Structures are given as structure tokens and as C-alpha cells.
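Have a look at the structure below, then the notes.
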Protein chains: 2
Amino acid sequence: MPKAATRQHIIEAADRLFYQQGFEHTSFADIAENVGISRGNFYHHFKSKDDILDAVIAQRLTNTRDMLDQWEAAEDGPEERIRRFIQILIVNQTKILRYGCPVGTLCGELAKLGHPAQAEARELFTLFRTWLGYQFTRLVGPDQADELAMHLLARSQGVATLANAFHDEFFVDQEVKQLCEWLSTQVAKANLEHPTVT
Amino acid sequence: MPKAATRQHIIEAADRLFYQQGFEHTSFADIAENVGISRGNFYHHFKSKDDILDAVIAQRLTNTRDMLDQWEAAEDGPEERIRRFIQILIVNQTKILRYGCPVGTLCGELAKLGHPAQAEARELFTLFRTWLGYQFTRLVGPDQADELAMHLLARSQGVATLANAFHDEFFVDQEVKQLCEWLSTQVAKANLEHPTVT
DNA sequence: GTCTATATAGCGATAGAC
DNA sequence: GTCTATCGCTATATAGAC
């Protein structure tokens, strides 16, 4: 098998396992078993476990950028795009109930480990923050855009954390509904203040 | 030193280290160094690491119950008590920026480990959920009480997660202010519907 | 490029002296 | 009740055959 393909398999298995079991709790043996190669073979592709983590985060960054670009390319307005972000909680509900949010839980774990990849992982949040901020800028103007982006990110994180702890999908539905209402309220408020926008 | 005192020292050190470094990442050597005893001495007080975790969670449950009882005994109304809960984010701001929420991060880690103590850890959330639900019942009636309690818990968790990821205390202040406003809105809404309450 | 075998270190846990 | 010494296991990482 070509080197790039095996490398990619390792990244995908590690990505999945880091999410499901946590970074530290996932061993080379776990990943090797998942990929179907031997432990020793890892070091032909990566020089350390931290190296695999870097590759996993880089992969997630790429995937997230692609997703946000696609959402940007679709023929939706900013409000509909933000609604699409909120819907992640529904689309990924099963995984979130089991493992929480991939971004939030990774950042949390790396913070406790004092791991050097913290900044890279945080960049995943920044990607969403910037993208949401851009949508809010067009929706309600630039003044409160970042504040609203962070607020929405925080609400999503909180829902994921409690949904994971209580395994409660009804709660997710309830909160998603409220988030959609909150978004409508923000749009209405902006339209009152600047009737020309939108 | 009497047995109970050493045991208590171990629990306190483990509690602190599990919070700061995570459960799995904290070794017996770490705890031993912190307490000032040898590794071998542990097993006179606990039969396993999971046993220490159980004791730590039990301790946190006791402390949390005591705190909520004290808040209940104070001469505040339900609104003021809920505001006191929100203020945890300010009071513990420094720790939250560094290590996140002690309850949320523990539940998250144990979920990834598939650890049997998950249910016990979740009980910490339930303690706040029930207490907040009780306050909301008196504030706006029983129908929406649990929903509001879960909503507030989720908002707090989200703030803690993002505050930890971005190390942003200004964001915490901002969100706490919004949470207080949200609470006032809930009270006002309830007073409109049931003018006799409060 | 993938394998087996192994080095090295740290972990949780145990045994037994004091 | 606390210690030292050590077991058994698993982890990351390396060396070298194929």
C-alpha cells in the first residue's frame, strides 16, 4: 500500500478513537488494531504520538474549513447559515450523546494535560467563531457580531456537555428550538434598529 | 497520624489533582508527592485508584450539598439564590479559565473512559439541577422549572468550556451579565402570567 | 513499507519489614 | 500506620530483519 494511503488510514482511525476514548486513553495498539497494521509500523509515518495528534487536528481543521466553505457557497442567507450551524446538534446527536462535542472535549482534555497542541485545537473553535462572526456581521452589523458568535458557540457547548452527561436527546431538541427562537429574536431586533439591513 | 486524617489528605489532594490534571493523567506518585506519603501507603486507605475516585466524588457531593443547603438557609428569595449560582462563574473564574468546570470536565472524561463512576459524577449535576429546579418552581411555577434549570446549567457549562479554551475572562463577565438579564426576564414573564406569585 | 523483537519507563498494585 | 522493595503489565519508542 502506498505510504500516503496508510498515513491517511492512521489519521482517520486516530481521529475517531481520540474522539470516542480521549487522546491519552487511546494507545498505539488501539489505533494499530483499527487500521490493521502493526505497532512498529507507525514510526515510519509519524515520529511520535503527539505527531499523530497534530495530523488529526490539521485534518479536522481542513474538514471544518471545507464544510464552512460549502455552507458559504450554498444559496442561503446568513440567518439560514447560522441555523445550519445550530442543526449540527441534531445531525450529530447520537455521537454527541455518547462522546460530547469533538472540539470541546479535545480542548478540555488538552488543557488538563498542559499539552502543546492546545493552541492548534483552539483554532477549531476560532474557525467557527470567525465564520459565525462573519454571518452575524451581515445579519446585525459588526458591533455585536463576535459577541453573538461566542454566545452561540457557548450555548452549543453547554448543550453538548449536558446532553452527554444525561444522555438526554429530548433536552437537545428543546435547546435547539430555543436557539432558533433566539436567532429570530436577534434578527428582529436588528431589523427594528436598522430597517434597511437584510 | 490518625488513619482518618491521612485518608482525608489523600482525598483532598486527589480531588485537586483530578480537577487540574484529569483523573487518568494523575498517578499515585503525583498524589503521594502532594500528600507527603509513600505510594505503598495508599493501599492501607484505599483498595484501588477507582476507590479514590469514588471517595473524591462522594466528597464533592457532600460539599455541594452543604453549599446548596447554606444558600437555602440564607435569607434570600429564589431569584437571589439562582443569581448566587450564576456568580459561581465569577467567584471561581481563575480556576475555570485554567481547568474548566470541575463537574463538566469530570463527567466528560469519565464518559470517554467508559468509567463505572459516570453515574456518581452525573449526580453532581443532578444536585444542581434539582436545587435550581426547586428555586424555579417557586419563581415561575413547576411546569417549566426543570427546563429552566437545565437551560441555566447548560449555559454555565458552555461559558466554562469556552472560557477555558480561550482563557477569556471578559467573555465570562459578558455572559454572566446576560445570564442575570435572562433571569430577570423569566421572573418578569412569570409575574405577567401569574401576578400573584412572589 | 511492513513486520517481529526489544528497549525503557511508568503505571497500578502487592508483600513484608518496622 | 508507614515504609521500602518489587511484581506484572502496558505504554511509547527503537532496531533491525524481510
Side-chain angles (χ1 to χ4, degrees), chain A residues 1-58 106 109-110 112-118 120-121, chain B residues 1-58 106 109-110 112-118 120-121:
Chain A
M1 189 175 301
K3 183 168 179 178
T6 301
R7 188 188 151 91
Q8 189 59 26
H9 288 156
I10 293 173
I11 292 174
E12 280 163 15
D15 187 9
R16 190 170 54 249
L17 289 169
F18 288 174
Y19 175 42
Q20 295 174 349
Q21 311 183 340
F23 167 68
E24 195 175 32
H25 190 60
T26 299
S27 69
F28 278 80
D30 292 332
I31 305 174
E33 191 185 13
N34 242 267
V35 178
I37 58 170
S38 73
R39 272 149 292 161
N41 193 9
F42 274 104
Y43 297 85
H44 189 72
H45 303 276
F46 300 95
K47 73 173 199 291
S48 69
K49 193 182 178 186
D50 287 353
D51 230 46
I52 299 183
L53 177 61
D54 287 341
V56 166
I57 294 175
L106 179 64
E109 180 178 1
L110 297 183
K112 301 238 183 220
L113 300 183
H115 198 284
Q118 273 177 86
E120 282 300 300
Chain B
M1 188 174 301
K3 184 170 180 177
T6 302
R7 187 189 151 89
Q8 189 59 26
H9 287 155
I10 293 173
I11 292 175
E12 280 163 14
D15 187 10
R16 191 169 55 249
L17 290 169
F18 289 172
Y19 176 40
Q20 295 174 349
Q21 310 184 342
F23 167 68
E24 194 175 31
H25 190 60
T26 300
S27 68
F28 278 76
D30 291 332
I31 305 173
E33 192 185 11
N34 242 267
V35 178
I37 59 170
S38 73
R39 271 149 293 163
N41 193 10
F42 273 105
Y43 297 87
H44 189 73
H45 302 276
F46 299 95
K47 73 173 197 293
S48 71
K49 195 184 178 186
D50 287 352
D51 229 46
I52 298 182
L53 176 62
D54 287 341
V56 166
I57 294 175
L106 179 64
E109 181 178 2
L110 297 184
K112 300 238 185 223
L113 300 183
H115 197 285
Q118 274 177 85
E120 281 300 299

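We name chains A, B, ... by the order of the sequence lines, and we start the count at 1 in each one. The basis for the numbers below is simple: all heavy atoms, side chains too, and nothing from hydrogens, waters or symmetry mates. Computed from a predicted structure; not experimentally measured.
- Between the CZ atom of A/Arg39 and the P atom of C/dT4 there is a distance of 9 Å, given to the nearest Å.
- Rounded to an integer number of Å, the gap from A/His115 NE2 to D/dT12 P is 12 Å.
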* To do: Show the numbers, then the answer: is there a ring pair (Phe, Tyr, Trp, His ring centres under 6.0 Å) between B/Phe28 and B/Phe46?
  => CA-CA 11 Å; B/Phe28 278 76; B/Phe46 299 95; 9.1 Å; no

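- Regarding contacts with the backbone of C/dG10, every side-chain N or O of B/Ser27 stays at 4.0 angstrom or more from both OP1 and OP2.
- Taking atom OH of residue B/Tyr43 and atom P of nucleotide C/dA13, one finds them 4 Å apart after rounding to whole Å.
- For B/His25 and B/Asp30, the side-chain atoms include no donor-acceptor pair closer than 3.5 Å.
- In this structure, the nucleotide among C/dT4, C/dC11, D/dA13 sitting nearest to the side chain of A/Ser38 is C/dT4.
- At the phosphate of C/dC3, OP1 or OP2 sits under 4.0 Å from a side-chain N or O atom of A/Asn41.
- Distance, B/Ile52 CD1 to C/dG12 C1': 10 Å, rounded to whole Å.
- Applying the 4.0 Å criterion to OP1 and OP2 of C/dG12, one finds that B/Lys49 has a side-chain N or O inside that range.
- A straight line from CZ of A/Phe46 to P of C/dG1 spans 13 Å, rounded to a whole angstrom.
- Going from atom CZ of B/Phe42 over to atom C1' of D/dG1 covers 14 Å, rounded to whole Å.
- Looking only at side-chain heavy atoms (C-beta outward), A/Thr6 and A/His44 stay at 4.5 Å or farther from each other.
- No donor-acceptor pair closer than 3.5 Å links the side chain of A/Glu120 to the backbone N or O of A/Asp54.
- Counting only heavy atoms from C-beta outward, the side chains of B/Val56 and B/Phe23 never approach each other to under 4.5 Å.
- Between A/Ile10 atom CD1 and C/dG1 atom C1' the separation is 11 Å, expressed in whole Å.
- Of the side-chain N and O atoms in B/Thr6, none sit less than 4.0 angstrom from OP1 or OP2 of D/dG1.
- Atom NE2 of A/His45 and atom P of D/dA13 are 16 Å apart (whole Å).
- Between A/His44 and C/dT2 there is no side-chain polar atom (N or O) within less than 4.0 angstrom of OP1 or OP2.
- Side-chain proximity of A/Ile37 to D/dT12, C/dC3, C/dA13: nearest is C/dC3.
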